[in-house]
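First the structure, in the form of structure tokens, and then the observations on it.
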Amino acid sequence: MADKSRPSTLTVYLYVPNIIGYIRIILNCFAFAICFKDKYLFSVLYFISFACDALDGWFARKLNQVSTFGAVLDMVTDRISTACLLVILSQVYRPGFIFLSLLALDIASHWLQMYSSFLVGKTSHKDVKDSSSWLFRAYYANRKFMGYCCVSCEVLYIILFLLAKKQTENLTDVLVNAAMQSWIYLTLLALILFGWTIKQSVNLIQIKTAADACILYDINKKQKD
Amino acid sequence: MADKSRPSTLTVYLYVPNIIGYIRIILNCFAFAICFKNKYLFSVLYFISFACDALDGWFARKLNQVSTFGAVLDMVTDRISTACLLVILSQVYRPGFVFLSLLAIDIASHWLQMYSSFLVGKTSHKDVKDSSNWLFRAYYGNRKFMGYCCVSCEVLYIILFLLATKQTENLTDVLVNAAMQSWIYSTLFALILFGWTIKQSVNLIQIKTAADACILYDINKKQKD
């Protein structure tokens, strides 16, 4: 059998898509450090980092540098950047308990889904094929629809951050004012809110489905004994 | 072969330790809802919830109601309650970037550790026996020491929350003032800060160790082919 070249861990740490991952992290750190000083620069940096998320996957496949570490790096960076965005929103719309709830929902749904996927034997939480919920299947079956929902959430959060002028804002005031500007704004906001609603609904369903999967795993394990 | 009783998912959802888990969640929701209105009640409720964390494990073993779902429920509740505590701290010590960073480290270290544990085949991130790092082995080898470090973090965060009297506080001022009250406070504070430092150091090491494990998993998988 031919001797395969055995990459060291350093080689994988220096894969191009993983370096893009590190750049994403540095961009995010810098963005959040200056987020209260320059909101627009923060938003631009945040979206560049968001765009890099798609870029590193493309590079990984093109350069044959797909790695488990890269996938995890991606997941963790996504979770942390969304969490930090929700934290600064809770500061601006103080006390912002709705953003605390969204943070809890984000952590719970992704954590449970990943855990149950491992128990069942899948490696990505996006590999959901056999779920009984129609919304679930519709969401995961259509990558473009999924993308629209995920992007809507991030766009909504950034918009809410940009719209807040005073140190402490009221969320309903800001939303209503923005919608009343013109029918174009109203339509865009409605589209974004729709995508956001779908994503959060899927998060909620995911919690139940994943919890069921954990229980079924125990039952199946007992039956094998 | 005797017919084993097959529990439905509802049976497991109603296990006593899992009900304690739901009570923990309700306590936390209520606690955070009133945290700015009544700091002391919040602290008491938070610690009752923290104590229930030990209680549900005890009940699970005593009543033979150990479940994977229960373990995940525990993990997720811990992650969310720590995250929310760090969020309200970032509001009180606005902009509180140190708390954002601690949130990022908490998410990253626990996520990576769980992911890599699954890849290697363990089900709890506390089952770390074969790490080469001395601090790691010392930390995970001694459950009481581990408990002291974890409790120190929660106690530190609650103390920081209780000590802040104004709407927006400066973190160093608060820490220095508290320490200078008396030598008893200084000693207690030093003990708590020491435990907290160990925990955060372990979190950082965990990120590196788990990342290495992800890479080694890919290497081993390739070699098997």
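In the text below, chain A, chain B and the rest are named by the order of the sequence lines, each starting its count at 1. This one's a predicted model, so the numbers in the text were calculated from it and none came from an experiment.
Most heavy-atom pairs under 4.5 Å with chain A, from the set B:Ala108, B:Ala33, B:Ala211: that is B:Ala211. Options B:Phe69, B:Tyr13, B:Phe97, B:Phe99 differ in how many heavy-atom pairs under 4.5 Å they form with chain A, and the most are formed by B:Tyr13.
In this structure, chain B has a heavy atom under 4.5 Å from the side chain of A:Cys35, while its backbone stays farther away. Looking at B:Ala213, neither its backbone nor its side chain comes within 4.5 Å of chain A, counting heavy atoms on both sides. Only the side chain of B:Cys35 has a heavy atom closer than 4.5 Å to any heavy atom of chain A.
What you find for B:Val87 and A:Val87 is that their closest heavy atoms are CG2-CG2, 3.6 Å. Nearest heavy atom pair, residue B:Arg79 against residue A:Ile107, reads CB-CG2, 4.3 Å.
Rounding to the nearest 0.5 Å gives a distance of 6.5 Å between CD1 of B:Ile107 and CG of A:Leu103. We find the OG1-CH2 distance between A:Thr77 and B:Trp111 to be 11.5 Å, quoted to the nearest 0.5 Å. With rounding to the nearest 0.5 angstrom, the CZ atom of B:Phe32 is 11.0 Å from the OG atom of A:Ser101.
With a 4.5 Å cut-off on side-chain heavy atoms, B:Leu112 and A:Val72 count as touching.
Heavy-atom neighbours of chain A within the stretch residues 60-68 of chain B, taken at a separation under 4.5 angstrom, comprise B:Ser67, B:Thr68.
Using bins of under 30°, 30° to 60° and over 60° for the plane-to-plane angle, the ring pair A:Phe118/B:Tyr115 lands in the perpendicular bin.
Crowding of A:Tyr22 atom OH: a count of heavy atoms from other residues, nucleotides or ligands under 6.0 Å exceeding 12.
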